[in-house]
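These notes are about the structure you will find just below.
In what follows, every chain begins at residue 1, and chains take the letters A, B, ... in the order their sequences are listed. In this text, all values refer to a predicted model and were calculated from it rather than measured experimentally.
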2 protein chains.
Amino acid sequence: MAKGDKINFSTPSGFPEFLPSEKRLESYLLDIIRRVYESYGFTPIETPAVERLEVLQAKGNQGDNIIYGIDPILPPNRQAEKDKSGETGSEARALKFDQTVPLAAYIARHLNELTFPFARYQMDVVFRGERAKDGRFRQFRQCDIDVVARRELSLLYDAQMPAIITEIFEAINIGDFLIRINNRKVLTGFFKSLGIAETQIKSCISIVDTLEKIGQNKVKQDLEKEGISVEQAEKIIEFIKIDGSVDEVLDKLKHLANNLPETEQLALGVTELETVIAGVRNLGVAENRFCIDLSIARGLDYYTGTVYETTLLGHEALGSICSGGRYEELVGVFLGEKMPGVGISIGLTRLISRLLKAGILSSLAQTPAQVMVVNMQDDLMPTYLKVSQQLRQAGINVITNFDKRPLGKQFQLADKQGIQFCVIIGSEEAAAQKSSLKDLKSGEQVEVLLENLAEEVKRRLT
Amino acid sequence: MAKGDKINFSTPSGFPEFLPSEKRLESYLLDIIRRVYESYGFTPIETPAVERLEVLQAKGNQGDNIIYGIDPILPPNRQAEKDKSGETGSEARALKFDQTVPLAAYIARHLNELTFPFARYQMDVVFRGERAKDGRFRQFRQCDIDVVARRELSLLYDAQMPAIITEIFEAINIGDFLIRINNRKVLTGFFKSLGIAETQIKSCISIVDTLEKIGQNKVKQDLEKEGISVEQAEKIIEFIKIDGSVDEVLDKLKHLANNLPETEQLALGVTELETVIAGVRNLGVAENRFCIDLSIARGLDYYTGTVYETTLLGHEALGSICSGGRYEELVGVFLGEKMPGVGISIGLTRLISRLLKAGILSSLAQTPAQVMVVNMQDDLMPTYLKVSQQLRQAGINVITNFDKRPLGKQFQLADKQGIQFCVIIGSEEAAAQKSSLKDLKSGEQVEVLLENLAEEVKRRLT
């Protein structure tokens, strides 16, 4: 086996991998996210990791994303088959870099088999050839929901998103967070009212979106560089800094919409925002969970209405922990249809990695086992196996320790893995159909009849 | 958007994708498999889809597997960065084709952070450049467990595998199945006793393994081609056809071990098999769920002891639905250590696709939603949202229908997606704080007070 000595067995740079205690945390979070998504009727889909390259590049470009192409490497003994294999690269294929383009392809592929509005969740890994610095990953899991219609899509779908975000982060219990809501039509409408040319509006939005990162002076400078007058730039800054309660902000916006020139777009945006906020309130989201933030724009071109960002209060440096918005021309791209949709995304791999580092979340125990049945003497193994099965049938996760070792070592082995209970059965206990149940957390040890053991463990599990 | 018109948006050949109703079935099965795996204390891990090529090829070769290499494709606007990006192919990387080599790498990478025996499950997708015919997939999900030790690994871990297989397939409720157990030492030991040379034993085992596929005459011919004498070939056929109850087969094997020459290896194999069978029985696996089948060898070179296959009775053509075995020199390859392990694998994607085709399993409803709150009049939307949230808080999955359409259409929309209940609230009902609850399965409709609605739905959910 000397062969293995020189192999670099580390993960390729940027491809992360969790320890069991971290992977168990990911599973736990995935279960919560899935439960909330499903409670709103979102249904799971999974698209292949691999798509045709032309599909991934269909939105005119691939954004700034570096895509990984795939190509077969034949084993030496099958090199001769290569020509026959249909794997000669006649179709370029690559790994998906997000879940939006694949959603568009999925809808095109299964249009007549889906029911619209189509509300789906997808929690797959995606791949980007990022430079593997700054904690950026080249493979990471995203937990996305989108609801897509063929014609009209009620703004109440937009209103559900903050309710869903709230439920997830309250269930995860990560502390106070704030969902910042805006509407792109409010921004573009206001820019129009200022007399800013259509052609400049897109870059203005991108600049505004950087307010939190670069500060208001730099935003002003960047706007002026873009050809915006000093006066306009000042008005923009004043606008995006409008704050107050949700109702105060809405009132100020309505006042502007009534007093500025050319406010059709602005007024439409304000009405949309108002409808969404009313829905959020009717869904019972607490007032301290959301606000209107006119500086939120989301960098991505394709948003056309509501946009969201979520900030973990006290940990603003983490950036948005859940973002999204409404779009019109995204998922119908392969069908040549407008299909309005609204969605949000949680970048789970990055989120876990950052929350663990910041000490906001802790990893779980190494094993899902809650009980270890220890081995006191090999001849009692049939009893140990039987007792283990009884506990499992009651829904308890059990490791039977097959290796006879000093009792202290067995306790250590259990404790190291985060197993709370040890079940100890020697010949005396076996004869009396009972066991000693040791709680490794409290150190307490009690005698329990075998017939009551499962019940007792369940009662004590914390 | 005319751009999209010419794009081939179909999935690349061999990369399958499920409809929501099928994906929900997969999720349901994954939940069952995970629950059973965890009940035995197996802990989850996930390794990246991408490994260094030298890691994937570490076992001397990649078997017959065609590996997909990956290489970055830069977007046009970043072409200039290519040289700086560290993505210039200096390290060859490829997609994993199984979960065993990555397990070996994972153990090597985290040796000091893991607790041994290390019992892990892994349910990732893997990639093989198979020719996409015969229902073979190029991306598919495998649900694997393995338990690995640094020195000795009790045979009782081998005994747990049939218990786990039994629990999973009983929970999935796919009908009668039979776990066929053998031990490679029994086979190699018997061949040695016959005087077959060490160098021939490996190919003899591969030939024996094809008995079910090619029949006994062809096996005999193939053995003779391999240089085995007619007399030896006949004895081999006679041996692998030994049948009867588990105890009868064990008795026959013990008789052979006592009467043939050079039976050290054979006797060891028989003792191992006997120990495993005793454990399987002590774990409460029903006698009709398992047998000893001396023709089972598993094609793979690396098995050294216990081997398993699982046959769905009445559907033998499906092949083994869960297989595995014990190995010694597999997962320590990067460390240059012997690390005994035992594991099983369920090829879930293939299994689902075949069980659906054979009508053994049915896909689930299109949506996880159990209730649709219909829209009778837009002005009652606040009530609909509130009632929806009440139901969700009680653990019920709810779609609120935002679009006002004729009631019959709304029922149709619910029914098409497999939603069992509709909640109907008009102005009269709203005033009286009640609703009509319609069961779309039975057609029954009852009046329920809003405060009792969640309870009533839960009671009626089938």
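Remark: the backbone N or O of Ser39(B) is paired with a side-chain donor or acceptor of Arg392(A) at under 3.5 angstrom.
Neither the backbone nor the side chain of Arg120(A) has a heavy atom closer than 4.5 Å to any heavy atom of chain B. Interface residue Ala163(A): only side-chain heavy atoms are found under 4.5 Å from chain B. Of the two parts of Phe18(A), only the backbone, made up of N, CA, C and O, holds a non-hydrogen atom closer than 4.5 Å to a non-hydrogen atom of chain B. Interface remark: Met381(A) contributes side-chain atoms only to the contact with chain B (heavy atom separation under 4.5 Å). Pro16(A) touches chain B through its backbone: at least one of N, CA, C or O sits under 4.5 Å from a heavy atom, while the side chain does not. In this structure, no portion of Glu22(A) lies under 4.5 Å from any heavy atom of chain B. If you measure heavy-atom distances from Glu54(A) to chain B, the contacts under 4.5 Å come from both the backbone and the side chain. Only the backbone of Phe42(A) comes within contact range of chain B, judged by heavy atoms closer than 4.5 Å. The contact between Val125(A) and chain B is made entirely by side chain atoms (from C-beta outward), counting heavy-atom distances below 4.5 Å. Contacts between Gln370(A) and chain B at a heavy-atom distance below 4.5 Å are absent for every atom of the residue. In this structure, the portion of Phe118(A) lying under 4.5 Å from any heavy atom of chain B is its side chain and not its backbone. With a threshold of 4.5 angstrom between heavy atoms, Gln417(A) approaches chain B through side-chain atoms but not through N, CA, C or O.
Residues Ser10(B) and Arg52(A) have side chains that bring a donor and an acceptor to within less than 3.5 angstrom of each other. At a cut-off of 3.5 Å, with distance as the only test, a side-chain donor of Ser388(B) or Thr400(B) sits close to an acceptor on the other residue. In this model, a donor atom of one side chain and an acceptor atom of the other lie less than 3.5 Å apart for Gln122(B) and Thr47(B). Of the N and O atoms on the side chains of Thr11(A) and Glu51(B), not one donor lies less than 3.5 Å from an acceptor on the other residue. Side-chain atoms of Thr115(B) and Gln366(A) form a donor-acceptor pair, as typed in the model, at a separation below 3.5 Å.
Between Phe116(B) and Met339(B) the shortest side-chain heavy-atom distance falls below 4.5 Å. At least one side-chain heavy atom of Tyr37(A) sits less than 4.5 Å from a side-chain heavy atom of Ile164(A). Under the 4.5 Å side-chain criterion, counting only non-hydrogen atoms from C-beta, Leu95(B) is not in contact with Arg138(B). Taking the side chain as every heavy atom from C-beta outward, Phe15(A) and Phe127(A) approach each other to under 4.5 Å. For the pair Pro117(A)/Asp403(B), a side-chain contact is recorded, criterion being any heavy-atom separation below 4.5 Å from C-beta on. Residues Glu17(A) and His110(B) have side chains in contact (heavy-atom distance under 4.5 Å, counting atoms from C-beta outward).
Ionic pairing of Arg141(A) and Glu46(B) is present here: one or more N-O contacts between side-chain nitrogen and carboxylate oxygen are shorter than 4.0 angstrom.
Across Gln160(A), Arg281(A), Glu167(A), the residue that shares the most heavy-atom pairs under 4.5 angstrom with chain B is Gln160(A). Comparing Glu152(A), Arg109(A), Gln389(A), Lys23(A) by how many heavy-atom pairs each has under 4.5 Å with chain B, the most go to Arg109(A). For the set Ala49(B), Pro44(B), Pro382(B), the entry with the most heavy-atom pairs within less than 4.5 Å of chain A is Pro44(B). Heavy-atom pairs under 4.5 Å with chain B peak, among Gly41(A), Ala149(A), Gly284(A), at Gly41(A). For the set Leu413(A), Ile396(A), Ile70(A), the entry with the most heavy-atom pairs within less than 4.5 Å of chain B is Ile70(A). Among the candidates Asn401(B), Ile45(B), Thr43(B), the residue making the largest number of heavy-atom pairs closer than 4.5 Å to chain A is Thr43(B). Contact count against chain B (heavy-atom pairs under 4.5 Å) is highest for Thr367(A) among Leu391(A), Leu155(A), Thr367(A), Ile419(A). Contacts with chain B were tallied for Glu26(A), Gln139(A), Lys416(A); Gln139(A) has the most, counting heavy-atom pairs under 4.5 Å. Most heavy-atom pairs under 4.5 Å with chain A, from the set Ala105(B), Ala159(B), Pro20(B), Ser154(B): that is Pro20(B). Note on Leu156(B), Val36(B), Ile399(B), Thr383(B): by heavy-atom pairs under 4.5 Å with chain A, the leading option is Leu156(B). In terms of heavy-atom pairs under 4.5 angstrom with chain A, the leader among Ala369(B), Ala108(B), Ala365(B) is Ala108(B).
Taking each heavy atom of Phe97(A) and Arg128(A) in turn, the nearest pair found is O-NE, 2.9 Å.
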